[in-house]
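All heavy atoms count here, side chains included; hydrogens, waters and symmetry mates do not. In what follows, chains carry the letters A, B, and so on, assigned in the order in which the sequence lines appear, proteins first and then strands, with residues in each chain numbered from 1.
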Amino acid sequence: MRSSQYLLSTLKETPSDAEIVSHQLMLRAGMIRREASGMYTWLPTGLRVLRKVEAIVREEMNKAGALEVLMPMVQPAELWQESGRWEQMDAELLRFKDRHQRDFVLGPTHEEVITDLVRKEISSYKQLPINMYQIQTKFRDERRPRFGVMRAREFLMKDAYSFHLSQECLEKTYQTMYQAYSNIFTRLGLDFRPVLADTGAIGGAVSHEFHVLAASGEDAIVFSDESDYAANIEKAEALAPTTARPAATAAKTEVATPNAGTIAEVSALLKVDACQIVKTLLVHAAKADEKAPQTLVALVLRGDHELNEIKADKHPLVASPLTFATEAEILAATGANAGSIGPVGLSIPVVVDRSAAVLADFVCGANKTGFHLTGVNFDRDIPTYEVADLRNVVEGDPSPCGKGKLVIKRGIEVGHIFQLGDKYAAAMKAGVLNEEGKHQIMTMGCYGVGVSRIVAAAIEQNHDEYGITWPAAIAPFQVALVPMNMHKSVRIQEATEQLYKELMAAGIEVLFDDRKERPGVMFADMELLGVPHHIVIGERNLDERKVEYKNRRTGEKLLLNLDEVLATLQQQLK
RNA sequence: CGGUGAUUAGCGCAGCUUGGUAGCGCACUUGGUUUGGGUCCAAGGGGUCGCAAGUUCGAAUCUUGCAUCACCGACCA
């Protein structure tokens with residue numbers, strides 16, 4: 001490709017609304033342009049990278065025995081009504097009507113469509129297992145799109161769905177997919193980790209996420225420093241402390257804490273460490289039955305701990321989805337403002353985190369605005385309560401696997417695999433005849449890869465002060481030809497044209513910068529784009545029939561004879 | 001959806017307080033200059049100042065409403 005016939009569209013300045021480095025570099029390198037919030041046009045350079053990611057995903061899926069299909073992006077509402085997700089999913093599901101006033105959705109995922117397909121096409125156990133996938137645009141009307149294509153509303157995803165008669169068979173395909181995903185991210189040249197994950201709204205029992213490690217990652221993932229345990233923080237269990245609760249020694253005392261509402265303020269005012277204070281969060285309670293008015297539940301945590309909303313959401317007393325009480329509800333239930341509430345004397349159920357439950361003589365709100373209690377003890381002062389795991393683990397906690405302590409890192413979720421079970425197949429009555437000739441509901445797995453997100457994640461992990469330093473497998477071009485002042489020198493032009501022809505003939509993806517630009521402009525653009533191998537052709541070395549090779553990532557430079565350029569590059573590209 | 005902020009040329013921004021019909025840098029066009037790290041000089045093209053209404057002789061500037069965008073939070077395949 002000659003850059004004079006290409007759309008480089010590089011920017012010298014960083015657009016002001018791009019926050020993270022991958023978004024900034026994708027804009028500056030001319031890879032994407034925003035069309036609306038969370039919706040992007042992929043320019044030629046961006047699309048080249050996207051297609052390479054796609055190709056690797058496709059190859060590995062095919063190798064793993066999955067069959068490629070292409071399902072419609074626009075889906076009829078009836079399927080979603082049948083699975084129950086028409087009601088379950090909120091505004092994230094973009095709904096609209098056609099000219100006949102029939103309801104449709106823009107597909108955020110394809111469990112419904114694939115299940116519908118399979119129940120029509122597959123009728124015998126002999127056709128199972130089957131694993132089908134597609135690489136397609138998804139639309140999720142995110143409340144808050146951000147970070148460019150990292151969290152876009154419209155994005156490219158590879159989604160696969162497998163169907164089985166037995167759990168054993170599902171587990172086998174799950175393992176195959178786990179391996180295929182590891183192969184994909186290894187080939188992409190990314191530093192990634194598979195971690196145990198929560199199954200979330202999609203349902204199912206067992207699930208792993210594949211994370212690319214990056215400081216800008218939206219997810220916290222935890223590792224054991226002594227075993228291979230790794231999990232999303234949402235999923236990681238905080239074990240109950242092994243130490244017994246000390247005996248109560250202090251009397252319950254009310255102290256005035258005017259203007260001290262937060263844990264930090266109370267801690268400073270009373271000179272008590274945050275881990276001896278408990279915080280109380282009021283959330284809406286699960287309805288006992290349709291007639292019961294929705295009331296509240298108090299969640300009690302140590303002052304230095306954070307609520308894990310997934311765990312709270314799953315607690316039987318707590319309404320799902322988890323919602324916090326309003327100021328007015330808090331006042332009505334406790335008689336105090338949010339900054340002064342505590343578990344003593346409440347008339348609503350109290351659920352205490354395991355770590356908070358072993359505290360003695362602790363501090364909490366007095367349920368009286370502007371006052372706290374010191375010397376508070378469970379059982380003595382709070383007769384009825386329940387203990388549960390409610391908090392996020394913190395660094396240094398014992399690993400749930402029993403070996404080692406936890407370390408926390410940040411990750412970008414680029415893949416997610418689920419053992420779904422029969423959730424969709426049962427709701428949509430997708431079954432086959434088994435060996436006994438009886439109708440049996442199938443069990444499902446589903447497996448997603450965020451193809452467009454991978455492009456951003458790869459940049460988060462591979463950049464420097466000059467621009468992108470692509471892993472070899474997904475660079476938009478393999479080699480940049482950078483002639484110095486070609487328009488002034490016939491022999492440079494001839495040498496470069498010759499090299500271009502030679503490299504193209506060898507099947508190498510070359511970007512030939514034939515613009516009438518100064519050297520600095522060309523160097524800056526080729527580095528911004530992150531082309532891995534640069535060949536600089538200048539008068540200086542041409543006297544000895546030599547050109548300069550430069551490696552984008554390592555900065556390594558070599559002087560090459562003109563006739564050894566191709567062989568050297570082929571060696572580098574291996 | 002709550003909070004905060006923004007919206008003036010393709011990009012980055014100034015002008016707004018104190019109303020008088022728009023400017024700077026980059027990019028773009030032309031000519032020259034320079035040529036191994038985003039040269040320099042000159043001339044030029046490009047803007048219904050997000051939209052609408054209001055106040056006013058006069059609005060980018062003041063008022064009101066709306067829209068869009070971003071960030072923080074909530075939410076989340």
Side-chain angles (χ1 to χ4, degrees), chain A residues 7-20 23-24 27-28 30 33-39 43 85 88-93 107-111 138-148 150-153 155 157-159 197-204 207 209 218-219 232 234 281 283 307 309-310 313 320-324 326-327 413-418 420 446-450 453 465-467 482-489 492 513 515-528 534-542 547-548 550 555 557 559:
Chain A
L7 188 66
L8 275 178
S9 282
T10 53
L11 302 175
K12 220 188 242 185
E13 285 171 292
T14 303
S16 60
D17 57 1
E19 206 65 19
I20 63 169
H23 188 196
Q24 294 173 349
L27 290 167
R28 287 196 51 213
R33 290 291 182 260
R34 202 194 72 233
E35 198 50 59
S37 180
M39 288 142 80
L43 299 179
R85 289 207 287 186
Q88 270 171 33
M89 290 187 76
D90 61 0
E92 189 176 307
L93 183 63
T109 175
H110 281 68
E111 280 82 7
K138 299 279 185 273
F139 192 94
R140 294 180 193 174
D141 200 355
E142 294 276 352
R143 279 177 178 178
R144 192 178 155 209
R146 59 190 141 166
F147 304 148
M150 190 80 86
R151 181 167 291 276
R153 291 196 290 175
F155 59 98
M157 179 169 170
K158 186 284 300 177
D159 48 324
D198 185 69
T199 49
I202 219 159
S207 171
E209 289 169 351
E218 291 188 273
D219 290 296
N232 192 304
E234 295 174 351
L281 306 168
V283 300
L307 179 69
E309 298 189 11
I310 303 273
D313 184 276
S320 182
L322 178 81
T323 45
F324 288 93
T326 63
E327 277 289 331
E413 182 190 345
V414 289
H416 201 161
I417 59 178
F418 301 82
L420 271 184
C446 78
Y447 319 92
V449 170
R453 181 182 282 181
E465 58 184 306
Y466 303 109
V482 190
M484 303 286 94
N485 306 305
M486 185 175 74
H487 61 283
K488 281 235 174 144
S489 163
I492 287 189
D513 200 347
R515 292 176 298 171
K516 193 181 165 183
E517 284 289 358
R518 291 172 54 85
V521 175
M522 294 182 175
F523 289 141
D525 274 346
M526 293 307 114
E527 279 158 3
L528 177 58
H534 300 186
I535 299 291
V536 181
I537 304 98
E539 287 284 355
R540 201 194 269 174
N541 299 312
L542 213 52
V547 294
E548 184 181 295
K550 185 182 168 191
K557 286 183 180 178
L559 265 187

Pairing check on [N]: which nucleotide meets the Watson-Crick or G-U wobble criteria with it, both distances under 3.5 Å?
{"N": "C49(B)", "value": "none"}
{"N": "G54(B)", "value": "C62(B)"}
{"N": "C1(B)", "value": "G73(B)"}
{"N": "A6(B)", "value": "U68(B)"}

Taking atom types as they are modelled, would you say the side chain of [X] forms a donor-acceptor pair with the base of [N] within the 3.5 Å cutoff?
{"X": "Glu13(A)", "N": "G25(B)", "result": "yes"}
{"X": "Glu527(A)", "N": "G37(B)", "result": "yes"}
{"X": "Asp17(A)", "N": "G5(B)", "result": "no"}
{"X": "Glu517(A)", "N": "G38(B)", "result": "no"}
{"X": "Lys488(A)", "N": "G36(B)", "result": "no"}

May I ask you to evaluate whether [X] reaches the phosphate of [N], defined as a side-chain N or O under 4.0 Å from OP1 or OP2?
{"X": "Ser37(A)", "N": "A70(B)", "value": "yes"}
{"X": "Arg518(A)", "N": "U35(B)", "value": "no"}
{"X": "Ser16(A)", "N": "A70(B)", "value": "no"}

Quick check for you: among [options], whose closest atom lies nearest to any side-chain atom of [X]?
{"X": "Arg28(A)", "options": "C11(B), G38(B), C76(B)", "value": "G38(B)"}
{"X": "Arg143(A)", "options": "U35(B), G36(B), A74(B)", "value": "A74(B)"}
{"X": "Lys12(A)", "options": "G38(B), G36(B), U35(B)", "value": "G38(B)"}
{"X": "Arg540(A)", "options": "G36(B), A70(B), G38(B)", "value": "G36(B)"}

Reckon [X] touches a base, only the sugar-phosphate, or nothing at all at heavy-atom distances under 4.0 Å?
{"X": "Phe147(A)", "result": "sugar-phosphate"}
{"X": "Asn541(A)", "result": "base"}
{"X": "Arg34(A)", "result": "sugar-phosphate"}
{"X": "Met522(A)", "result": "nothing"}
{"X": "Pro15(A)", "result": "sugar-phosphate"}

Please measure how far the [atom1] atom in [N] lies from the corresponding atom in [M], and state the result in whole Å.
{"N": "C62(B)", "M": "U68(B)", "atom1": "P", "value": "23 Å"}
{"N": "G45(B)", "M": "G3(B)", "atom1": "C1'", "value": "43 Å"}
{"N": "A9(B)", "M": "G46(B)", "atom1": "C1'", "value": "6 Å"}

Give the rounded distance in Å between these two atoms: CG of Leu542(A) and C1' of G36(B). 14 Å
Nearest-Å distance for atom pair CZ/C1', residues Arg144(A) and C75(B): 11 Å
